[in-house]
Amino acid sequence: MLIDELRENIKLALKEKLETKNDTKYSVYKNILDKAQKDAKEKKTEIITDDYVITAARKELKQLEDTLSYITKESDNDRFLKLTESIEIVNSFLPKSISEEEILEYLKKNDIDKNMGICMKTLKGKFGVSLDGKTASKVVKKYIE
């Protein structure tokens with residue numbers, strides 16, 4: 001389970017933080033766990049499933065990428081490098097998302113109605129958290145045309 005892997009990563013990152021004073025990994029994993037716990041609490045469940053962890057990791061990735069978009073290497077090199085490292089850590093943790101080709105193939109193969117809402121709902125039902133919303137939206141727009 002990803003939640004077990006996340007907890008183990010937090011333990012290892014904490015040891016690394018204490019040894020090297022680099023807290024990037026620890027911060028990233030801790031943020032993901034905190035987001036997953038918050039999502040589970042909002043859904044009034046005590047069990048943190050892999051779906052919560054993946055959703056939380058995607059939220060963390062989006063937040064990091066948004067922050068990075070406002071910083072250049074020249075303006076704040078240390079922060080730029082730390083954000084880049086954090087993004088790599090999240091990407092290494094996240095399971096592979098469904099590809100654009102797989103999404104388009106599914107839509108065509110199942111002759112899904114060419115309606116944005118219907119397509120997105122169908123894709124979310126089929127692929128769940130392994131579906132990246134931004135990628136799916138882009139593919140559906142092409143499919144509808």
Shortest non-hydrogen contact from [X] toward [Y]:
X: Arg58; Y: Ser97; result: NH2-OG, 2.7 Å
X: Thr72; Y: Phe80; result: C-CD1, 3.9 Å
X: Ala36; Y: Ala56; result: N-CB, 3.5 Å
X: Ala57; Y: Val90; result: O-CG1, 3.4 Å
X: Leu94; Y: Ile54; result: CD2-O, 3.9 Å

So, do [X] and [Y] sit near enough that their side-chain heavy atoms are less than 4.5 Å apart?
X: Glu100; Y: Lys142; result: yes
X: Lys21; Y: Lys17; result: no
X: Val139; Y: Glu105; result: no
X: Leu131; Y: Ile103; result: yes
X: Thr122; Y: Leu107; result: no
X: Glu8; Y: Asp4; result: no
X: Gln37; Y: Tyr52; result: no

For atom [atom1] of [X], is the number of surrounding heavy atoms from other residues, nucleotides or ligands below 6.0 Å larger than 12?
X: Lys11; atom1: NZ; answer: no
X: Glu46; atom1: CD; answer: no
X: Ile47; atom1: CD1; answer: no

Could you check Gln63 against Leu68 for side-chain contact (heavy atoms from CB on, under 4.5 Å), going step by step and ending with a plain yes or no?
-> CA-CA 9 Å; Gln63 184 177 14; Leu68 185 64; over 6 Å; no

Partners meeting side-chain contact (heavy atoms from CB on, under 4.5 Å) with Ala13 (sequence neighbours left out) | Lys25, Tyr26, Tyr29

Would you give the length of the straight line joining atom [atom1] of [X] to atom [atom2] of [Y], rounded to the nearest 0.5 angstrom?
X: Lys141; Y: Met116; atom1: NZ; atom2: CE; answer: 5.0 Å
X: Glu19; Y: Glu16; atom1: CD; atom2: CD; answer: 8.0 Å
X: Ile89; Y: Leu61; atom1: CD1; atom2: CG; answer: 12.0 Å
X: Leu123; Y: Ile118; atom1: CG; atom2: CD1; answer: 12.0 Å
X: Leu104; Y: Ile98; atom1: CG; atom2: CD1; answer: 13.5 Å
X: Leu33; Y: Ile10; atom1: CG; atom2: CD1; answer: 4.5 Å

Would you please name every residue forming a salt bridge (charged side-chain N to carboxylate O under 4.0 Å, His left out) with Lys62, sequence neighbours left out?
->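 Result, salt bridge (charged side-chain N to carboxylate O under 4.0 Å, His left out) vs Lys62: Asp66.
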
NZ/NE/NH1/NH2 to OD/OE distance under 4.0 Å, Lys96 and Asp132 =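 Salt bridge between Lys96 and Asp132, a charged N being under 4.0 Å from a carboxylate O: no.
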
Does a side-chain N-to-carboxylate-O contact under 4.0 Å join Asp78 and Lys82?
->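 Salt bridge flag = no for Lys82 with Asp78.
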
Asn115 side chain vs Gly117 backbone, donor-acceptor pair below 3.5 Å = yes

For Asn31 and Lys59, what are the C-alpha separation, side-chain angles and deciding distance, and is it a side-chain contact (heavy atoms from CB on, under 4.5 Å)?
-> CA-CA 10 Å; Asn31 287 343; Lys59 286 179 185 177; over 6 Å; no

Answer yes if the side chains of [X] and [Y] hold a donor-acceptor pair under 3.5 Å, and no otherwise.
X: Arg79; Y: Thr67; value: no
X: Ser27; Y: Thr24; value: no
X: Thr49; Y: Asp51; value: no

Determine which pairs satisfy ring pair (Phe, Tyr, Trp, His ring centres under 6.0 Å) with at least one residue from residues 113-135, sequence neighbours left out, and list them in order.
-> Tyr106-Phe127

Give a yes/no verdict on a cation-pi contact between Lys108 and Tyr143, requiring under 6.0 Å between NZ or CZ and the six-membered ring centre and an angle within 45° of the axis.
->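 Here Lys108 fails the 6.0 Å and 45° test against Tyr143.
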
Are Ile87 and Leu6 in one and the same hydrophobic cluster, where Ile, Leu, Val, Met, Phe, Trp and Tyr link if side-chain heavy atoms are under 4.5 Å apart?
-> yes

